[in-house]
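A short worksheet on the structure shown next.
FYI, side chains are in, hydrogens and waters are out, and symmetry mates aren't considered; it's all heavy atoms of this structure. Sequence positions, counted from 1, serve as the residue numbers for this chain.
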Amino acid sequence: MDTIHDTPPRETVGRTTVTRFRMQFQAAAYAALEILSGKEVDRVYCDYHDDFVVRRTVAGVVEYHFFQVKTKGKPNQQWDAAAIFALKKQGALDTEEKLEAVRNSIAGKLFVHTVEFGGQCREVTVLSNVHFADDVHEVVAALSAGSSSKKYIRQFIEKFADIVSPSKPMSKEEVEAARKKLSLLANVQYIGDTLDAFAIATHNAIWRHSEIELHQHEVERIANSLVTLVEEKSCAPIGGLSKSGIDMAASVGLEDLLKVLSISTQVYQTLLDGGDPAAIKAASILQRKLKEVGATDSMIEAASRAKVSWDVWVRSARHGAPDFTFNVLLEEIDTKCKAWLLAGGAFADLENFIQGILNSNIGKQFPVLNTDLVFGAFCAAVVRRSTR
């Protein structure tokens, strides 16, 4: 008889541990989505130096933001100062054992980054799915202010340098700067036992950072792929790798996100190099629309180049032709593009679309127009109509 379900397992802690790691992966994956904005954040390191590390470049200077992800199983639970700082509210902080306990605490390990990375350490954060007790917030505020009426916090402030940097003296300025770098991120809703909340947050973040619209089935696939990606990056061996090798193996960059979003890096790069400020969104639209009508990858890459050529030509040609005439051309292209889309967008009809423009009265007023330029005009119109 099969009794596996009737006999209680010896322990189930492994399931809890796996869930905690998945929540860490969700937090790192969500942070990585900011890369899509194309602004300061360009890479997120996974389980490297800490649970995850966000790299950003500000005015040409590289800065790192270190995160520890600490979760609890029940939403009504909280983290207190003893758990975060290993501080005892009674007695003196007067032995090496007590200092070491604070150094090895959750916050203590984060503060070590402020010493090891100096000015490149932008911030250190404890991120959790639950709230922090008032005493945790009180300690963080006192560290930032440099003073407290509570003896146990005042001792922490006074012995801060001995705790976080026992073997390397710190200047007064370094101590003050380090104390202010700790922050808390509480009650984070996008990490959880399931992917439901993470998927919703991912959908919103992708729209916020890139304005890419996603279908529901795509959201679920992308959410799963992102967590899997971070898990792979967190587990990949890095021994003996070069700096660039570590970046490839242990961090998430734009190229990884483009793969998850099924956007060709070549198409994106072509549009970006062509001066398209919304290259990610434009690449996503082009790929979707052209794949829907059966275009191959090489055709889609050609489309991106054609769109860039058209955009470049427009920037110069619109100053060399009467506004009325040029706007009539744009209107003709947009009208035909709309008709093509409403008719179902058959790939075979594209040739008719292009020849229709070239042979039209308005098209003949621009002798420089050729098949590639009009194909680029069509691609630009598709992107423009999809962004209205």
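Using a distance-only test at 3.5 Å, with no hydrogens or angles considered, a donor-acceptor pair links the side chain of Q189 to the main chain of N187. Remark: the backbone N or O of A141 is not paired with any side-chain donor or acceptor of S144 at under 3.5 angstrom. With R179 contributing its side chain and L143 its backbone, the two residues share a donor-acceptor pair below 3.5 Å. Not a single donor-acceptor pair under 3.5 Å links the side chain of E63 to the backbone N or O of R122. The backbone N or O of S225 lies less than 3.5 Å from no partner atom in the side chain of T228, so there is not a single donor-acceptor pair. At least one donor-acceptor pair closer than 3.5 Å links the side chain of S128 to the backbone N or O of V130. In terms of modelled atom types and a separation under 3.5 Å, the side chain of K181 and the main chain of C121 share a donor-acceptor contact. Looking at D80, its side chain never comes within 3.5 Å of a backbone N or O of A133 through a donor-acceptor pair. The main-chain N or O of S165 is never found under 3.5 Å from a side-chain atom of R103 such that the two would form a donor-acceptor pair. A donor-acceptor pair is defined here as one N or O able to donate and one able to accept, closer than 3.5 Å; such a pair exists between the side chain of K233 and the backbone of M248.
Side chains of S284 and R288: a donor on one and an acceptor on the other come within 3.5 Å.
Between Y48 and Y45, the ring planes lie tilted relative to each other; the angle falls in the 30° to 60° range. Ring pair H217/H215 is parallel by interplanar angle, where below 30° counts as parallel and above 60° as perpendicular. A perpendicular orientation is assigned to the rings of F366 and W313, their planes being inclined by more than 60° (bins at 30° and 60°).
You'll find the ring centres of F117 and H49 inside the 6.0 Å limit.
Crowding of M170 atom CE: a count of heavy atoms from other residues, nucleotides or ligands under 6.0 Å exceeding 12. A 6.0 Å sphere centred on OH of Y152 holds more than 12 heavy atoms belonging to other residues, nucleotides or ligands. By the 6.0 Å contact criterion, CG on D134 is open, its count of non-hydrogen atoms from other residues, nucleotides or ligands being 12 or less.
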- Message: Please evaluate residues E255 and R43 with respect to the criterion salt bridge (Lys or Arg N to Asp or Glu O under 4.0 Å), reporting the C-alpha separation (whole Å), side-chain torsions for both, the decisive distance (0.1 Å), and the verdict.
- Response: CA-CA 10 Å; E255 65 278 14; R43 211 159 265 287; 3.0 Å; yes
- Task: Please step through side chain to side chain contact (heavy atoms under 4.5 Å, CB included) for the pair Y268 and L261, ending with a clear verdict.
- Result: CA-CA 12 Å; Y268 160 75; L261 293 170; over 6 Å; no
- Item | Evaluation steps, salt bridge (Lys or Arg N to Asp or Glu O under 4.0 Å), between K336 and E332 | CA-CA 6 Å; K336 288 189 178 298; E332 181 71 7; 3.6 Å; yes
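Both L36 and V219 are part of a single hydrophobic cluster, where members link through side-chain heavy atoms under 4.5 Å apart. Under the 4.5 Å side-chain heavy-atom criterion for Ile, Leu, Val, Met, Phe, Trp and Tyr, F67 and Y64 are members of distinct hydrophobic clusters. Hydrophobic clustering (ILVMFWY, side-chain heavy atoms < 4.5 Å, transitive): V62 and L254 are in distinct clusters. Note on I263: it does not cluster hydrophobically with L271, by side-chain heavy-atom contacts below 4.5 Å among ILVMFWY residues.
Looking at K150 and D135, no side-chain N of the basic residue comes within less than 4.0 Å of a carboxylate O on the acidic one, giving no salt bridge. The residues D334 and K338 are annotated as not salt-bridged, no charged nitrogen and carboxylate oxygen being separated by less than 4.0 angstrom.
In this structure, D51 and L127 have side chains that are not in contact, with every pair of non-hydrogen atoms separated by 4.5 Å or more.
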